[in-house]
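Data block below; observations after.
Here is how names work: the chains are called A, B, and so on, in the same order as the sequence lines, proteins then strands, and each is numbered from 1. As the structure is a prediction and not an experimental result, all values here were calculated from the model.
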Amino acid sequence: MYIREKITKQIKTIIGDALNQTVESGALTIETMPDLFLEIPREKEHGEYSTNIAMQLPKQTKKAPRFIAETLVANMNTGDSYIESIEIAGPGFINFKLKPYWQYAVLDEVADLKADYGRSQKNAGKKFNLEFISANPTGPMHMGNARGGAIGDILAAVADWTGYAVTREFYINDAGNQIVKFGDSLDARYRQLMGEDIPFPEDGYQGEDITDHMKAFIAVNGDVHRLLTPEERKPILIDYALNKNLSQMKSDLEAYGIHYDVWFSEQSLYDSGAIEKTVELLGKRGFTYEQEGALWFKATEFGSDKDDVLIRANGLPTYFMADIAYHMDKFINRGFNRCINVWGADHHGHVARLKGALTAVGIDASNFDVVIMQLVRLLRNGEVARMSKRQGKAIALTDLIDEVGVDATRFFFNLRSPDSHFDFDLDLAIEQSNDNPVFYVQYAHARICSIIRQMTEELDQTVPLDYSRLVEKEELNLMEILANFPDEILIAEDKLDPSRITRYAIDLAAAFHSFYNACHVRVDDKALMKARVVLIEATKQVIQNALGILGVSAPERM
RNA sequence: GCGCCUGUAGCUCAGUAGGAUAGAGCAACGGCCUUCUAAGCCGUGUGCCAGGGGUUCGAAUCCCUUCAGGCGCACCA
């Protein structure tokens with residue numbers, strides 16, 4: 001158990017015992033015990049921990065909050081605890097001041113656990129599925145995918161650190177309308193390259209990658225497909241280009257630091273009969289009906305304002321239909337306890353109806369959540385540039401990484417919570433890369449490495465390690481922030497907000513830089529030097545752990 | 001029209017189940033390198049927390065409402 005958790009638990013027990021005692025003695029009458037909540041006050045004078053419990057009880061007890069607080073405090077037994085003193089302040093806050101130097105415990109924890117410091121077992125034994133990006137495989141990935149990729153990958157890492165067995169998953173939209181258009185576009189380019197004078201489909205994919213695919217295809221296969229009918233030829237072209245795109249996506253994502261455990265094909269849901277089974281199940285449960293030749297889902301029974309089509313009049317299932325079958329596969333066939341998807345804000349309307357449909361098939365939809373990521377707007381020369389894949393004008397993921405770098409890209413896209421709107425100023429990102437906060441954190445790590453490199457020979461092994469030499473406020477502050485790391489991960493997981501880790505890393509780096517300027521590690525006092533070396537080694541380790549979650553490198557030199 | 005997200009310092013954003021004097025970074029100004037990396041540190045200022053109501057001991061935070069911006073509301077995905 002980590003030090004923060006130990007202390008919190010202890011204080012809660014003390015408060016709980018005091019509450020019970022006051023009730024037993026008849027000093028206070030409490031019918032329903034309020035939830036105990038400890039907070040860390042902003043002001044240091046208010047102690048390390050604080051509770052507002054006395055201010056939640058006046059209604060029940062008919063007593064003034066200050067009186068309640070006094071009664072409780074009188075009944076608190078702090079005997080052998082971390083608590084040094086308790087004060088009642090303001091309208092009735094009970095503030096706990098800890099015995100000095102409780103922070104030292106964190107140094108042992110980090111030294112013991114090293115690369116695992118911060119991990120917890122909260123969700124041990126549970127399977128977690130995180131689906132993210134899932135970009136259309138009809139062309140290269142763009143900048144919007146870069147944000148979703150960073151958010152998803154880091155959220156997956158966060159879940160992993162809380163004990164989940166995590167699967168990172170990419171859903172390949174290799175069925176449906178856009179694949180038909182993809183085929184039409186490929187075929188048109190093929191025929192044009194073969195010298196036919198035919199028009200390009202109006203709503204086709206106009207990017208050059210389509211033409212390039214067909215040039216490469218012809219270079220390999222010659223003109224043997226020329227005499228086939230378009231209907232015979234399209235599946236061959238689609239198969240060819242799709243595989244090329246997918247392997248390109250895989251390698252682009254690996255270069256971005258993202259490795260998927262599962263690439264799940266939408267088409268496989270058709271092939272396996274999963275979709276038919278799902279239709280059957282929904283029908284059996286009475287949630288479908290036919291109208292105008294289409295099969296509808298009674299979404300209105302699950303809070304939607306209109307029903308949704310599952311199977312079109314032309315007999316083809318909708319994307320929605322496939323998505324239901326897909327999530328049934330996740331929850332039921334593959335036994336995931338929790339499934340999270342990262343979607344762009346333009347898909348948010350889909351969330352409620354999918355949750356409704358999952359409920360309809362008997363899945364507890366509270367285990368399914370979607371992180372809605374607000375769209376990235378691209379600013380170029382101070383102007384908003386719309387991104388559109390179909391017109392081939394989007395900034396490619398790979399170009400972005402080439403220009404900004406993997407570390408800065410991942411860090412930058414995780415600086416803010418997913419639901420913040422985000423203007424990506426391309427000119428600024430490129431020219432400002434030296435100013436990017438990622439360097440601030442990496443620099444702290446490199447500084448520590450540099451000190452340690454120079455210290456190793458000077459360290460006197462015979463001097464005993466004595467943490468009590470660490471008394472400066474910068475030292476204590478640094479240790480407190482180190483001690484916060486495990487909680488920070490738990491909160492990030494609970495709130496599905498991976499950007500907390502990025503901000504934590506910045507806070508930690510700031511605490512270190514302050515320490516660095518206030519306290520020298522290399523000092524004549526050997527015992528002090530030794531204690532400080534342990535402190536910076538712990539800091540180095542936690543920076544590594546945080547950057548590891550972010551998928552950002554921790555360089556030893558800069 | 002209905003729904004989701006957003007509105008906090010000049011700019012970009014934090015603000016942890018409603019908590020005690022509202023916080024960072026950037027930008028501006030002034031300091032700090034003859035001992036560990038100045039991509040750093042220290043200091044200085046600025047806020048009708050979009051507006052208006054309400055809930056209560058207490059609201060940037062919760063509820064209602066108005067305004068502004070983004071995104072949805074297909075037999076597209």
Side-chain angles (χ1 to χ4, degrees), chain A residues 35 37 39-43 45-46 50 52 55-56 58-59 64-66 89-93 95 134 136 138 173 175-179 181 203 266 291-296 304-306 308-320 322-323 344-352 372-375 377 415-423 425 428 432 434-440 442-444 446-455 458 474 487-488 491-492 494-495 497 499-500 503 506-507 509-510 512-524 529 532 536 557-558:
Chain A
D35 285 343
F37 182 68
E39 64 176 307
I40 299 176
R42 202 170 33 233
E43 302 298 323
E45 305 117 55
H46 296 139
S50 174
N52 60 356
M55 287 176 291
Q56 293 177 358
K59 264 190 189 152
R66 295 274 315 194
F93 291 103
N95 296 333
S134 297
N136 269 341
T138 51
N173 299 130
N177 245 323
Q178 83 284 3
I179 290 293
K181 276 180 197 161
D203 55 353
E266 181 183 357
Q291 188 180 310
E292 292 168 17
L295 186 73
W296 293 73
S304 279
D305 49 5
K306 63 180 79 154
D308 294 296
V309 172
L310 294 172
I311 298 180
R312 304 180 187 106
N314 64 11
L316 293 175
T318 58
Y319 172 85
F320 176 49
D323 228 11
D346 53 342
H347 288 77
H348 72 80
H350 188 55
V351 178
I372 291 296
M373 159 192 93
Q374 295 300 315
L375 298 177
R377 286 199 312 172
L415 210 45
R416 296 178 191 135
S417 67
D419 57 12
S420 73
H421 296 260
F422 196 142
D423 287 346
D425 188 326
L428 200 69
Q432 204 196 20
N434 261 3
D435 223 0
N436 196 302
V438 69
F439 294 101
Y440 182 81
Q442 291 179 320
Y443 184 55
R447 261 184 162 175
I448 295 171
C449 292
S450 168
I451 299 169
I452 291 172
R453 271 196 300 274
Q454 295 165 65
M455 289 297 98
E458 295 178 43
E474 289 82 5
D487 276 345
E488 208 54 52
I491 296 171
D494 185 56
K495 293 186 171 298
D497 180 3
S499 71
R500 297 189 66 99
R503 271 179 259 117
I506 293 171
D507 287 347
F512 169 74
H513 286 309
S514 292
F515 159 82
Y516 175 88
N517 278 274
C519 310
H520 267 253
V521 176
R522 194 180 199 173
V523 287
D524 293 335
M529 186 198 287
R532 283 185 174 162
I536 65 169
R557 293 170 203 270
M558 285 177 77

Between [options], which one does the side chain of [X] approach most closely?
X: A:S420; options: B:A14, B:C75, B:G19; result: B:A14
X: A:P41; options: B:A14, B:A20, B:C36; result: B:A20
X: A:V521; options: B:C71, B:C36, B:C13; result: B:C36
X: A:P91; options: B:C36, B:U12, B:G19; result: B:G19
X: A:Y443; options: B:U37, B:A14, B:C5; result: B:U37
X: A:K495; options: B:A17, B:A39, B:C13; result: B:A17

Return yes if the base of [N] and the side-chain atoms of [X] contain a donor-acceptor N/O pair under 3.5 Å, otherwise no.
X: A:N95; N: B:A20; answer: yes
X: A:T318; N: B:A77; answer: no
X: A:H421; N: B:C5; answer: yes

For A:E488, side chain to side chain donor-acceptor pair (under 3.5 Å) partners two or more places apart:
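A:E488 satisfies side chain to side chain donor-acceptor pair (under 3.5 Å) with A:R500 only.
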
For nucleotides [N] and [M], find the distance between their [atom1] atoms and express it as a whole number of Å.
N: B:A22; M: B:C49; atom1: P; value: 11 Å
N: B:U6; M: B:G43; atom1: C1'; value: 34 Å
N: B:G15; M: B:U8; atom1: P; value: 14 Å
N: B:C11; M: B:A20; atom1: P; value: 26 Å
N: B:A77; M: B:G19; atom1: C1'; value: 46 Å
N: B:A27; M: B:G45; atom1: C1'; value: 13 Å
N: B:A14; M: B:A24; atom1: P; value: 16 Å
N: B:A50; M: B:C57; atom1: P; value: 25 Å

Between [N] and [X], is there a base-stacking contact, meaning the centre of the base's six-membered ring lies under 5.5 Å from the residue's ring centre while the planes stay under 30° apart?
X: A:H46; N: B:A20; result: yes
X: A:H348; N: B:C5; result: no
X: A:F93; N: B:A20; result: yes

Taking OP1 and OP2 of [N], is either one under 4.0 Å from a side-chain nitrogen or oxygen of [X]?
X: A:R447; N: B:A39; answer: no
X: A:Y319; N: B:A77; answer: no
X: A:K306; N: B:C2; answer: no
X: A:Y440; N: B:C41; answer: yes
X: A:S50; N: B:A20; answer: no
X: A:R42; N: B:A22; answer: no
X: A:S514; N: B:C42; answer: yes
X: A:Q454; N: B:U37; answer: yes

Give a yes or no answer on whether the side chain of [X] reaches the backbone of [Y] with a donor-acceptor pair at less than 3.5 Å.
X: A:N136; Y: A:T138; answer: no
X: A:H513; Y: A:Y440; answer: yes
X: A:R416; Y: A:S499; answer: no

Any base atoms under 4.0 Å from [X], or only sugar-phosphate, or nothing? Heavy atoms, all strands.
X: A:E43; result: base
X: A:E292; result: base
X: A:A313; result: base
X: A:C449; result: nothing
X: A:P65; result: nothing
X: A:E45; result: base
X: A:Y516; result: base
X: A:N52; result: base
X: A:A352; result: nothing

Under a 3.5 Å limit for both distances, which nucleotide forms a Watson-Crick or G-U wobble pair with [N], could you say?
N: B:U55; answer: none
N: B:C75; answer: none
N: B:C33; answer: none
N: B:A28; answer: B:U44
N: B:G7; answer: B:C67

Which is more 5' along RNA chain B, the nucleotide nearest A:N173 or the one nearest A:I40? Just name the residue.
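It is A:I40, whose closest nucleotide lies nearer the 5' terminus.
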
Comparing A:H513 and A:R557 on RNA chain B - which has the more 5′ nearest nucleotide:
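Nearest nucleotide further toward 5': that of A:R557.
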
In whole Å, what is the span from the [atom1] atom of [X] to the [atom2] atom of [N]?
X: A:D497; N: B:C13; atom1: CG; atom2: C1'; result: 13 Å
X: A:L295; N: B:A74; atom1: CG; atom2: P; result: 18 Å
X: A:D346; N: B:A74; atom1: CG; atom2: P; result: 14 Å
X: A:H520; N: B:U34; atom1: NE2; atom2: C1'; result: 12 Å
X: A:N517; N: B:C41; atom1: CG; atom2: P; result: 7 Å
X: A:F320; N: B:C75; atom1: CZ; atom2: P; result: 12 Å
X: A:H347; N: B:G70; atom1: NE2; atom2: P; result: 20 Å
X: A:I491; N: B:A17; atom1: CD1; atom2: C1'; result: 11 Å

Write down the atom of A:P418, the atom of A:D497, and the distance for their closest heavy-atom approach.
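Looks like CD-OD1, 3.5 Å.
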
Quick one, [X] and [Y] - any side-chain contact, counting heavy atoms below 4.5 Å?
X: A:Y319; Y: A:N177; result: no
X: A:I451; Y: A:R522; result: no
X: A:I372; Y: A:V351; result: yes

Residues forming a salt bridge (Lys or Arg N to Asp or Glu O under 4.0 Å) with A:D308, sequence neighbours excluded:
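A:R353.
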
Quick one: do A:N95 and A:S50 satisfy side chain to side chain donor-acceptor pair (under 3.5 Å)? Show the steps, please.
CA-CA 4 Å; A:N95 296 333; A:S50 174; 2.9 Å; yes

Syn or anti for B:C33, with syn set at within 90° of 0?
syn

